[in-house]
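Here's the structure we're looking at; comments come further down.
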Amino acid sequence: MNRKLSRQFLQNFLVIFLLTILDTVLAFMLLSFASGLIADSLVKNRYPASSLLQADYNLIDASGVVQNGGGVQVVDKEYRVVYSKGLDTIGKDKLTAGEFTAFLTESKNKPYHYDILYSPEGEFWLIVTFPTSLRLDLSLTYNKEAATGDFLRAGGVMLFTVLCYLAILALFALIYSRITASSILIPLRKLRDGTRLLREGDYSARVDLRLKNEFAELQDTFNDMAARIEHEISLRKKSEEDRKRLILDISHDLKNPMSGIQGYAELLMKKEDMTPKERNDYLEVILNNSRRANRLLTELFELSQMDSPDFSLKPTRTDICEYIRQICGELVPQLEKEGFEYDFDIPEDSVYAMLDTGRFGRILQNLASNAMRYNPKGTRITVSLKTENRQIAIDFSDDGIGIPPDLAENIFKPFVRVDDSRNSETGGSGLGLSIAKKIAQAHGGDLLLLPTEKKGSTFRIFIPSI
Ligand code: ADP
């Protein structure tokens, strides 16, 4: 890639420089053609010295020259300026022979146009002067009568100059093409290296070009894309790990009740001399284990249902205060029967939210069932509701044993329990809070465990009001 682009740039620059040379030659030709076109109209050509010359210089009519900003001088053979009209660039009445020779030879370099003519009859020089408007002295002169040696030397020097000019031009083209190519190649190479790293699986690869041109936009797009891929890959990894862990947890949690059922069923079949009490005890173990397995499978089904793309709520506009009061009322007999204290603080106003009442009720039932299962009798359970900034917050608290703060973040993950060994006692699957959180999120809200200084635990359900 490197060499190909450099070569391409060099070729492009050489073409540009060759076109520049051609253009310069054309420009000179055009200039000489155009100056030829306007030559006749220039004042210096309208009043040549030959047209003014008279045998007696006193008869010379210099009025046209003077009117056009020029001047006429006559210098006699003694180098005295005997006649002067208009513009005078000699500036003296009398010249020495050397001064006059210098005037004649150096007049080409001055910003004036001189037309000088000698009158053999009057033995004087007629000098017509006009200020030069613009002049470019560049001409190529050739005379075939010149000595061959001189011609070769002069031609050689000219050829050498042209070759040097072309060599310098080519060198500049080469340097310039390299500089231009590298300004493209360096960022391109960095972007290529970054892409290679991505292809090889290094999703942390980023490109830093320190530029502010289009490459910077490309760099930002690349870095953005890499960041997204990295994020997606980490999400995929995490969900893969979660899936593996879930399968492991399910098989682990199903194994115990299933082997219990199998073991006791085999015992029942093999043991012939069995008292009715023994038989009853075995059947009870089988029943309890099958209930546990059934509960686990039902909750798992519910959880995976909510993850499926076909899952949707059937929300209706509901007065949430009224609805929570009704659920709390239904909880009262059970709370009293189990020996729990309770306190409900639900406002009398009507606050509306879009609720799938069947599913939303599951959140409160799960929280209430947890509070009763994991806390000792006499624990006080409090339910309160408040509205702030179009958000409804329902707090469900107890002053029981609480949940360790280090588990607060993970407690909503499937199969996470504070004390695994108590699972068989409480019959908990570790899925209740996961299901409750998913229902809250499906309603556009959330379920959180609030950090609290007080004894016990406080869960908060958020739900947008309408
Ligand atoms: P489970 O079916 O085991 O109850 P959950 O997801 O509902 O599963 O609860 C997860 C764990 O959180 C429970 O095993 C329990 O250890 C703990 N927990 C939940 N609620 C409470 C509570 N109110 N007080 C103390 N611990 C709780």
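Since the structure is predicted, the reported quantities are computational estimates derived from the model, not experimental observations. As the structure lists them, so they are numbered: ligands from 1, and atoms in each ligand from 1.
If you look at Phe344 and Tyr342, their ring centroids are closer than 6.0 Å. When ring centroids are compared, Tyr264 and Tyr282 come within the 6.0 Å threshold.
Atoms of ligand 1 found under 4.0 Å from any heavy atom of Leu431, numbered from 1 in the order shown, are 2 (O), 6 (O), 8 (O). Close approach to Arg373 involves these atoms of ligand 1, each under 4.0 Å from a residue heavy atom: 4 (O). Listed by number with element, the atoms of ligand 1 under 4.0 Å from a non-hydrogen atom of Asn370 are 4 (O), 5 (P), 7 (O), 9 (O), 19 (C), 20 (N).
Remark: ligand 1 and Ser434 share no N or O pair separated by less than 3.5 Å (distance only, no angle test). Between Glu299 and ligand 1, no N or O atom pair is found at a separation short of 3.5 Å. Geometrically, ligand 1 and Ile411 share no nitrogen or oxygen pair separated by less than 3.5 Å. Between Phe459 and ligand 1, no N or O atom pair is found at a separation short of 3.5 Å. For Arg417, no nitrogen or oxygen atom sits less than 3.5 Å from a nitrogen or oxygen atom of ligand 1, counting backbone and side chain alike.
Close to ligand 1: Gly402, with a non-hydrogen atom less than 4.0 angstrom away. Using a 4.0 Å cutoff on heavy atoms, Ser457 counts as a contact of ligand 1. The closest approach between any non-hydrogen atom of Val416 and ligand 1 is below 4.0 Å.
Of the candidates Leu209, Val207, Asn213, Leu209 is the only one forming a side-chain contact (heavy atoms from CB on, under 4.5 Å) with Pro187. Exactly one of Lys437, Arg460, Lys438 qualifies for a salt bridge (charged side-chain N to carboxylate O under 4.0 Å, His left out) with Asp446. That residue is Lys437.
Between Tyr323 and Phe360, the two ring planes are tilted [angle within 30° to 60°].
A donor atom on one side chain and an acceptor atom on the other are not found under 3.5 Å apart for Tyr203 and Ser234. With 3.5 Å as the limit, one finds no donor-acceptor pair spanning the side chains of Thr382 and Asp343. A donor-acceptor contact closer than 3.5 angstrom links the side chains of Ser204 and Asp202. A donor atom on one side chain and an acceptor atom on the other are not found under 3.5 Å apart for Asn294 and Arg291.
Here atom 25 (C) of ligand 1 lies nearest to Tyr374 when heavy atoms of Phe396, Tyr374, Phe415 are compared. In this structure, of Leu407, Asp398, Leu296, the residue bringing a heavy atom nearest to atom 23 (N) of ligand 1 is Asp398.
At a heavy-atom cutoff of 4.0 Å, ligand 1 is contacted by both the backbone and the side chain of Leu433.
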